[in-house]
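Note sheet for the following structure.
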Amino acid sequence: MDNLDFLQGSAEEVAPRLLGCLLVRELDGQRLIGRIVEVEAYDQTDAASHSYKGQTARTQIMFGPAGHLYVYFTYGMHYCMNIVCGPEGHGAAVLIRAIEPLEGEIAMVHNRGGRSGVEVSNGPAKVCQALAIDTNWNGHNVGNEPLCLVQQSALEMTEIIQTTRIGISRAVDVPWRFYIRNNPYVSKR
DNA sequence: CGGCAGATACGCT
DNA sequence: GCGTATCTGCCGT
């Protein structure tokens, strides 16, 4: 059921395809499941991407095979997770900006220090905190436990909003942010 | 609820 | 040194 070949495509193609897919995280004997509702594409040809200036120790994962996790640390305190896509040797990935909890929400609330409702996972660093993902997960293959990506059928085009990305200062007009229309967990409209 | 400042450490110039 | 693919608390409507 779960063939992740679609991750071989470009970031721009893969990003909307990830909407609706599931992240299944095994943590302390529990299953935490989140439905991906907001993503952003980043590519080496794009000035906003960490891979834009070529391969470095930090970004090498982005240039590796599709299906691995690129986790980075920023603002001195936050982690964000991406799913690497595109052919090996090409630096591209899709940032997971928001998920909707489907299972194990109580554990996610706990991981988020008691914050509940949409505050559990309506932002990229919140997603990592809810699922207990840090840089130790850099390079993890999302085809494997204890963190799996499970593909779902593609959403209707009318369910997907495409617009410009958030929180960047370069390539601000590139419309590579995708989210599910009317989903309450989307970080910002 | 919207805007703003502060937190805080790492990669890169 | 400086900027950062962010979040939170605090202030004002």
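Numbers restart at 1 for each chain; the letters A, B, ... are given by sequence-line order, proteins then strands.
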salt_bridge([X], [Y]) N-O dist < 4.0 Å:
| X | Y | answer |
| --- | --- | --- |
| A/R97 | A/E40 | yes |
| A/K126 | A/E119 | yes |
| A/D173 | A/R165 | no |

What is the distance, to the nearest angstrom, from the [atom1] atom on [X] to the [atom2] atom on [N]?
| X | N | atom1 | atom2 | value |
| --- | --- | --- | --- | --- |
| A/Y52 | C/dG3 | OH | C1' | 17 Å |
| A/F178 | C/dA5 | CZ | C1' | 15 Å |
| A/D43 | C/dA5 | CG | C1' | 14 Å |
| A/R170 | C/dG3 | CZ | P | 11 Å |
| A/R189 | B/dG2 | CZ | C1' | 17 Å |
| A/I166 | C/dT4 | CD1 | P | 16 Å |
| A/Q55 | B/dG11 | CD | C1' | 16 Å |
| A/K188 | C/dA5 | NZ | C1' | 14 Å |

side-chain contact (heavy atoms from CB on, under 4.5 Å) test vs A/L69 passes for just one of A/N138, A/L147, A/T135, A/N82, namely A/L147
ILVMFWY network linking A/F63 to A/V14, side-chain heavy atoms under 4.5 angstrom: no
Identify the pairs formed between an N or O of the protein and an N or O of nucleotides 11-13 of chain C at a distance under 3.5 Å, and give each distance.
none

Would you say the side chains of A/E100 and A/N183 form a donor-acceptor pair under 3.5 Å? yes
Ignoring hydrogens and angles, state whether a donor on the side chain of A/S187 or A/E38 is under 3.5 Å from an acceptor on the partner side chain. yes
Interface with DNA chain B, restricted to residues 110-136 of chain A and to heavy atoms under 4.0 Å: none
Stretch residues 70-102 of chain A: residues that reach within less than 4.0 Å of DNA chain B through a heavy atom: A/F73, A/Y75, A/G76, A/M77
Any side-chain heavy-atom pair from A/S49 and A/M62 closer than 4.5 angstrom? yes
Looking at A/A130, is its backbone amide N or carbonyl O close enough to the side chain of A/N111 to form a donor-acceptor pair, meaning the two atoms are under 3.5 Å apart?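 The answer is yes, because a donor-acceptor pair under 3.5 Å joins these two groups.
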Quick one: do A/I36 and A/I180 satisfy side chain to side chain contact (heavy atoms under 4.5 Å, CB included)? Show the steps, please. CA-CA 9 Å; A/I36 298 171; A/I180 298 179; over 6 Å; no
In Watson-Crick or G-U wobble terms, both distances under 3.5 Å, what is the partner of C/dC2? B/dG11
Between A/T56 and B/dG11, is there a contact of a side-chain N or O with OP1 or OP2 at under 4.0 Å?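 For B/dG11, OP1/OP2 do not have a side-chain N/O of A/T56 under 4.0 Å.
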OP1 or OP2 of C/dT4 less than 4.0 angstrom from a side-chain nitrogen or oxygen of A/S169, does that happen here?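 Looking at the OP1 and OP2 atoms of C/dT4, one of them is under 4.0 Å from a side-chain N or O of A/S169.
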Is the distance between the ring centroids of A/Y72 and A/H50 under 6.0 Å? yes
